[in-house]
Amino acid sequence: MSRPRLIKESSAPLQLDKELLVRIHDLMVKTRVLEERLIQMYKQGHGYFWIGGPGEEAFNVPLGLLMKKGQGPEYDYLHAHYRQSGTLLALGEEPIGALRQMKNTASDPYSGGRNFAGHFSLRKYNVAPVSSPIEVQYAIAPGTAMMQKRVGGDGITIVTGGDAGTAEGDFASCLVWSSRPANPLPILIIVTNNKWGISTSAEGQHGEPRVSERGKAFNIRSKTINGNDPVEAYQELKEAMEYVRKERKPFLLEANVSRLYGHSSASGANYVSEEVDCLKNFEARLEQDGVLTRQQMDELRNRYTEDMAAAARIARDEPLPGPETIWKHIFAEDK
């Protein structure tokens with residue numbers, strides 16, 4: 001079955017500062033090259049499983065740039081899923097951490113070699129541990145939002161997941177607990193809709209015309225956007241986050257995105273040419289508007305390709321966790 005093109009290329013003017021456009025592009029390229037390197041590591045036998053977000057860079061990078069990063073309730077909390085590498089890099093993370101997790105080295109900063117790709121956990125930036133069970137983060141996120149409501153300030157909770165996972169009860173629980181009139185919560189509920197759930201097309205699965213329509217039943221302000229356009233994504237995310245910060249109420253944002261390498265390594269992790277490539281489209285616009293030249297963009301990709309290859313070599317030579325560490329990272333560390 002051929003896969004549909006999700007979003008047409010935008011021809012709208014690039015209504016952001018040049019410096020910001022260049023920064024977004026830099027991070028999108030960095031993220032794409034990281035994901036391609038992770039896929040290569042898996043195919044070379046340097047990892048057991050790959051799952052990630054190539055095709056979602058245009059949305060995930062602006063999300064990370066707009067977050068109020070730090071540790072504690074006065075900063076934003078992120079309850080993410082496993083396609084969020086662009087957000088982590090935009091927050092300032094180094095890509096070698098993701099490579100170490102793919103290799104399951106003892107130096108893996110997110111799980112100490114216990115988990116597979118995309119399962120980030122970063123206390124210093126309030127990034128809650130990514131969980132493998134589908135969409136449980138939607139039921140967990142209201143907890144930090146509730147705490148932030150009590151503490152005060154303008155920190156918000158952000159939760160992300162896929163469109164197929166909205167069939168889970170956790171998503172409904174998030175809508176209920178976030179929107180109670182007696183205690184609405186400062187939470188940005190995000191659904192990145194790539195029109196697929198593993199190998200099942202969304203066409204026969206959703207009764208609602210848009211996932212965002214489900215917010216109306218709970219009186220949650222909701223919107224569907226083109227997540228393949230980084231300019232639109234940045235502007236819409238900024239508006240939604242400002243609303244949640246100021247009003248201390250939930251917002252449901254659905255972003256239509258692409259899935260460029262299938263669901264995961266379980267489906268082959270091969271490039272799907274029928275999908276819209278947000279990076280290619282963005283680069284065409286940057287070149288057309290004179291923001292960057294083709295040569296500059298090619299040189300950037302080549303540089304990141306070399307950097308990722310060097311980092312992957314470092315990760316491949318690092319030791320795996322020893323058997324004596326089996327009880328580490330279970331509940332609490334030794335005093």
Side-chain angles (χ1 to χ4, degrees), residues 1-12 32 35 39 49-60 63 80-84 86 118 132-139 159-176 188-218 220-230 232-233 236-237 240 251-282:
M1 179 174 62
S2 63
R3 302 179 63 169
R5 292 179 65 84
L6 299 181
I7 299 293
K8 294 182 179 179
E9 180 180 349
S10 174
S11 59
R32 178 67 60 84
E35 291 287 1
I39 292 171
F49 183 79
W50 168 83
I51 192 166
E56 298 190 14
E57 298 93 347
F59 182 81
N60 289 338
L63 175 61
H81 64 318
Y82 37 68
R83 303 191 189 276
Q84 219 72 53
S132 297
I134 302 299
E135 314 304 3
V136 296
Q137 66 270 20
Y138 281 120
V159 58
T160 70
D163 54 297
T166 62
E168 299 284 344
D170 302 270
F171 183 72
S173 295
C174 186
L175 298 179
V176 170
L188 175 59
I189 306 165
I190 293 172
V191 178
T192 48
N193 189 347
N194 61 29
K195 307 295 184 185
W196 289 90
I198 306 182
S199 59
T200 302
S201 171
E203 295 174 355
Q205 304 301 315
H206 290 268
E208 76 278 10
R210 299 181 181 87
V211 176
S212 62
E213 298 285 329
R214 295 172 65 178
K216 293 181 178 179
F218 298 88
I220 296 176
R221 185 172 173 180
S222 308
K223 195 169 187 178
T224 297
I225 69 167
N226 177 5
N228 275 332
D229 180 349
E232 179 176 335
E236 295 292 349
L237 276 165
F251 192 111
L252 173 59
L253 185 66
E254 176 188 14
N256 289 321
V257 297
S258 297
R259 199 177 72 170
L260 289 181
Y261 284 86
H263 174 264
S264 63
S265 54
S267 58
N270 297 314
Y271 186 80
V272 182
S273 60
E274 292 84 4
E275 295 273 9
V276 169
D277 188 328
C278 61
L279 180 56
K280 288 183 179 179
N281 286 354
F282 188 42

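Position 1 is the first residue of the sequence; numbering continues from there.
- In plain terms, the two heavy atoms of G197 and A164 that are nearest each other are CA-CB, 3.5 Å.
- Taking a cutoff of 4.0 Å between a charged side-chain nitrogen and a carboxylate oxygen, R32 and E35 do not qualify as a salt bridge.
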*Step-by-step side chain to side chain donor-acceptor pair (under 3.5 Å) determination, E135 to Q137*: CA-CA 5 Å; E135 314 304 3; Q137 66 270 20; 2.9 Å; yes
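- Atom CD in E168 sits 9.0 Å away from atom OG1 in T166 (nearest 0.5 Å).
- In this structure, the separation between CG on L175 and CD1 on I220 is 5.0 Å, given to the nearest 0.5 Å.
- Side-chain atoms of L237 and L188, non-hydrogen and from C-beta on, do get closer than 4.5 Å to each other.
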*Trace of the side chain to side chain contact (heavy atoms under 4.5 Å, CB included) decision for D163 with E254*: CA-CA 9 Å; D163 54 297; E254 176 188 14; 5.8 Å; no
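- Two residues are said to be in side-chain contact when any heavy atoms from C-beta on lie closer than 4.5 Å; S201 and W196 meet this criterion.
- What you find for A58 and A233 is that their closest heavy atoms are O-CB, 3.5 Å.
- Two residues are said to be in side-chain contact when any heavy atoms from C-beta on lie closer than 4.5 Å; N256 and T224 meet this criterion.
- A 4.5 Å side-chain heavy-atom check between S258 and N228 finds at least one atom pair inside the cut-off.
- Once rounded to the nearest 0.5 Å, the distance linking NE2 of H206 with CD of E213 reads 13.0 Å.
- The shortest side-chain heavy-atom distance between D277 and F282 does not fall under the 4.5 Å cut-off.
- A distance of 9.5 Å separates CD1 of I39 from CG of L260, quoted to the nearest 0.5 Å.
- For the pair T160/T192, no side-chain contact is recorded, criterion being any heavy-atom separation below 4.5 Å from C-beta on.
- The two residues F171 and G165 have their closest heavy-atom pair at CB-O, 4.3 Å.
- Taking CZ from R83 and NE2 from H263, the interatomic distance works out to 5.0 Å, rounded to the nearest 0.5 Å.
- Nearest approach of S212 to S222, heavy atoms of both residues: O-CB, 3.3 Å.
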_Test log, rule side chain to side chain contact (heavy atoms under 4.5 Å, CB included), inputs V272 and R259_ = CA-CA 8 Å; V272 182; R259 199 177 72 170; over 6 Å; no
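- Looking at N281, its side chain never comes within 3.5 Å of a backbone N or O of V276 through a donor-acceptor pair.
- A salt bridge between E236 and K223 is present, with a side-chain N of the basic residue lying under 4.0 Å from a carboxylate O of the acidic one.
- Here the closest heavy-atom approach between residue W50 and residue S264 is recorded as O-CB, 3.1 Å.
- Nearest heavy atoms, E57 versus C278: OE1-SG, 3.5 Å.
- Note that CD1 of I190 and CZ of F251 are 10.0 Å apart. Values are rounded to the nearest 0.5 Å.
- The shortest side-chain heavy-atom distance between V191 and Y138 falls under the 4.5 Å cut-off.
- Using a 4.5 Å heavy-atom threshold, the side chains of N194 and E56 count as touching.
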